[in-house]
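Naming: A, B, ... by sequence-line order, numbering from 1 per chain.
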There are 2 protein chains.
Amino acid sequence: MRKHYATIKDIANALNISFATVSRALRDAYDVKAETRELVLAKAAELNYRPNVNAKGLAQHRSYNLGVVLPGITNYYFSTVITGIQEVAYNSGYNLILYVTNDSAERERDMIRNLALSSLDGLLVCVSSDSDDGSGFQAMIDEGIPVVFFDRVAEQVNTSRVVQDDYNGAFEATEHLVQNGYRKIAHIAGPEGLAFTRARLKGYKDALKKHGLPLKQEWIIYSGFSQAHGEQDALNLWKCRSRPDAIFAVNDRKAVGAMLALKKLGVEVGKTVGVVGFTNDPVASIISPSLTTIAEPAFEIGKISCQLLLNHIKKKRFDPKEVVLPGKLIVRESSLKV
Amino acid sequence: MRKHYATIKDIANALNISFATVSRALRDAYDVKAETRELVLAKAAELNYRPNVNAKGLAQHRSYNLGVVLPGITNYYFSTVITGIQEVAYNSGYNLILYVTNDSAERERDMIRNLALSSLDGLLVCVSSDSDDGSGFQAMIDEGIPVVFFDRVAEQVNTSRVVQDDYNGAFEATEHLVQNGYRKIAHIAGPEGLAFTRARLKGYKDALKKHGLPLKQEWIIYSGFSQAHGEQDALNLWKCRSRPDAIFAVNDRKAVGAMLALKKLGVEVGKTVGVVGFTNDPVASIISPSLTTIAEPAFEIGKISCQLLLNHIKKKRFDPKEVVLPGKLIVRESSLKV
DNA sequence: AAAAACAGCGGCAACGTTATCGGTAAATCA
DNA sequence: TGATTTACCGATAACGTTGCCGCTGTTTTT
């Protein structure tokens with residue numbers, strides 16, 4: 001029962017002019033008298049004219065659709081990034097198409113294959129934990145589709161990227177624990193192989209080095225990003241011969257998991273053991289003791305990524321840019337020491 | 001420098017057959033020999049053929065795009081619903097276009113106006129708190145675009161809707177507090193005027209009535225959905241001449257806000273005061289004491305909403321359906337009494 | 001053995017735009 | 001005054017599909 005909208009030809013017929021003129025009038029005033037332009041616009045409103053995006057896309061070879069490939073959307077960071085992306089896209093007349101990989105490289109590959117079907121004008125990507133070398137994204141770029149990475153980048157691919165300052169954030173977080181009197185600081189890291197896992201790890205290591213603190217391999221644990229992973233990691237840390245007295249976690253979710261595990265073990269976080277996270281998820285101020293963390297500018301990252309992508313689309317030329325946004329240490333209870 | 005994909009005609013030329021045959025072979029085996037079909041498929045793979053969605057949409061009068069209008073995506077419930085929607089849409093070859101209203105009726109109206117431009121095949125909607133009578137959505141339906149409401153519906157609009165069982169969930173939550181020994185139960189409600197605010201309020205009232213408990217008007221507070229609102233509501237409740245001894249909150253975020261406020265007041269939740277929420281946000285098991293709540297099937301709601309919408313799109317005429325999904329009481333510490 | 005049915009394929013016209021090229025009248029120039 | 005530019009508009013061909021009609025041979029029916 002779908003009614004059909006009025007087309008450009010209907011307007012032309014009603015006005016007894018060529019539909020080519022209507023097409024021009026509807027876009028720019030180029031080559032049309034102001035008078036007839038008014039007529040067309042009025043008639044268009046009267047007939048409730050809606051441009052057909054398929055026809056437009058077919059004729060112009062574009063879709064006004066942007067793809068967003070990311071592991072998931074059910075956490076604070078990603079959903080906030082998307083909100084930022086969405087704001088910019090919406091204001092520029094672009095649509096967003098989500099591709100949720102569930103943090104699986106396999107699903108990511110499948111989606112990239114299918115995603116080419118959707119004739120996208122550009123792509124915003126946060127790769128999955130176990131992502132490969134990013135050859136799929138390189139292929140997209142080779143086909144002329146601009147790609148911008150955010151948060152988690154495929155390093156081999158030479159294109160624009162927007163990330164938080166992982167190294168300095170991690171450095172600052174670790175140093176904060178040192179300054180509060182902690183000496184045996186462990187690191188619950190992300191999955192090995194991910195660029196920002198390495199960056200945050202390096203920040204952690206360099207902070208320890210600066211303050212002449214021991215760097216034990218058994219105090220560094222790699223695993224996934226979930227709360228459950230954080231719990232398990234903490235339990236494993238507490239099995240070490242030499243127990244740490246503080247934990248810097250790669251993100252807040254893992255930090256929260258660790259805190260819950262320590263609570264079960266009867267360890268008093270914020271007194272005998274310090275914990276610092278990364279993200280500033282709202283849960284950080286809800287959990288007790290509240291969680292000290294590095295705040296990430298998630299919304300900004302989304303906005304800037306999208307702006308960058310739109311620039312790439314506009315100018316055909318590509319000159320890859322790297323944007324690094326600073327984080328901010330938010331001190332709460334979990335890093336106290338009494 | 002966007003490279004062009006191989007088209008159906010390229011395949012036809014390479015194989016010396018008509019492009020109409022290629023088109024048929026690529027879809028159904030209808031009217032094509034299995035042999036030639038194999039040939040076409042092989043050549044398509046060889047040439048890395050990608051169907052052009054714009055051309056397809058133009059010929060078929062559809063866009064394979066679905067719109068999702070909702071207040072926001074940065075919370076557990078909405079992001080999970082979207083994940084459910086996304087799964088169904090993706091598997092059926094549909095794209096999702098997000099319209100984030102920031103829970104503002106004004107922005108909602110603006111977006112609906114623009115959204116008509118995007119030639120959508122259907123619409124999934126969760127109205128904003130202060131939404132109007134939904135005439136904008138009625139207009140879409142009149143134009144032949146199927147609309148399905150989820151969670152928050154515009155009651156005046158006669159179309160399919162998918163919601164959780166607000167009434168029974170609220171009833172069960174309230175009764176649980178009663179059964180645990182609480183007698184002076186307050187309700188922190190949502191914004192007045194919203195259908196599910198009323199449904200949950202009624203469940204609360206009926207549970208009190210069933211157990212012959214007092215129903216005080218000053219124990220019912222309407223306000224927004226945020227954690228900050230919950231905090232303020234709890235503070236206001238504690239200013240009452242006759243203080244309640246328990247709170248049933250319209251959602252977990254408000255319940256969390258209330259718990260944090262009570263903690264500051266020195267009130268012991270789960271001992272002298274009971275709190276029950278609604279949603280089963282992950283934060284419910286992180287906060288201390290952990291929060292008793294009614295679990296909502298958010299992912300299911302998303303999936304079913306999208307399936308329903310796709311049905312509406314397939315069959316041109318479809319009778320509006322109302323799907324009500326049951327919640328489940330999750331008992332934790334916040335509703336204990338010692 | 002003629003008639004009817006069918007399987008397999010090609011031709012062509014949509015679908016609603018944009019883009020390119022002309023063409024005509026008016027305006028400007030020489 | 002004639003030539004040339006300018007402003008405006010029309011005709012037509014894309015864009016890459018799908019859908020309808022019709023044309024062959026071959027198979028089945030009667």
(request) Could you tell me whether A/Phe196 and A/Phe225 have their ring centroids closer than 6.0 angstrom? (result) yes
(message) Angle between ring planes, B/Phe137 versus B/Phe149, binned at 30° and 60°: parallel, tilted or perpendicular?
(response) perpendicular
(message) Could you tell me how far apart B/Arg62 (CZ) and C/dC15 (P) are, to the nearest whole angstrom?
(response) 17 Å
(request) Please report, rounded to the nearest Å, how far the C1' atom of D/dC15 is from the CG atom of A/Leu58. (result) 4 Å
(request) Go through C/dT18, D/dT18, D/dT17 for me and flag the one nearest to the B/Lys9 side chain. (result) D/dT17
(message) Measure CG/B/Leu39 against C1'/C/dC9 and give the value in whole Å, please.
(response) 14 Å
(message) Strictly below 4.0 Å, N to O, side chains only: are A/Asp103 and A/Arg152 in salt-bridge contact?
(response) yes
(request) Specify the separation, in whole Å, of atom NE2 of A/His61 and atom C1' of C/dT20. (result) 14 Å
(message) Quick check on contacts: within residues 10-20 of chain A, what sits under 4.0 Å from DNA chain C by heavy-atom distance?
(response) A/Phe19, A/Ala20
(message) Looking at A/Thr36, I'd like to know whether one of its side-chain N or O atoms comes within less than 4.0 Å of OP1 or OP2 on D/dC8.
(response) no
(message) So that I can tick it off, tell me whether A/Glu106 and A/Arg109 are bridged by a salt bridge, with the cut-off set at under 4.0 angstrom between side-chain N and carboxylate O.
(response) no
(request) Whole angstrom is fine here: how far is it from CG in A/Asn52 over to C1' in C/dA14? (result) 13 Å
(request) Mind calculating the distance between CG (B/Asn54) and C1' (D/dG16) to the nearest angstrom? (result) 9 Å
(request) Using whole Å, report how far CG of B/Leu26 lies from P of D/dG16. (result) 15 Å
(request) Ignoring hydrogens and angles, tell me if any N or O in the side chain of A/Asn52 forms a donor-acceptor pair with the backbone of A/Asn54 under 3.5 Å. (result) yes
(request) Compare the minimum distances between each of C/dG8, D/dC9, D/dG19 and the side chain of A/Asp31, then state the nucleotide with the smallest one. (result) D/dC9
(message) Closest approach to the side chain of A/Lys56, judged atom by atom: which nucleotide of C/dT17, D/dG19, C/dG10 is it?
(response) C/dT17
(request) Heavy atoms only: give me the nearest B/Leu26-B/Ala44 pair and the separation to one decimal. (result) CD1-CB, 4.4 Å
(message) Given the structure, check if the side chain of B/Arg24 and the base of D/dG19 hold any donor-acceptor pair shorter than 3.5 Å.
(response) no
(request) Would you verify whether the NZ or CZ of B/Lys56 falls within 45 degrees of the ring axis of B/Tyr64 while also being under 6.0 Å from that six-membered ring's centre? (result) yes
(request) Taking only the side-chain nitrogens and oxygens of B/Ser23, find out if one of them lies under 4.0 Å from OP1 or OP2 of D/dT17. (result) no
(request) Indicate whether OP1 or OP2 belonging to D/dC15 is found under 4.0 Å from a side-chain N or O atom of B/Thr7. (result) no
(message) Any side-chain N or O of A/Tyr49 below 4.0 angstrom from OP1/OP2 of C/dT17?
(response) yes
(request) Using atom NZ of A/Lys33 as one end and atom P of D/dG10 as the other, report the distance to the nearest whole Å. (result) 10 Å
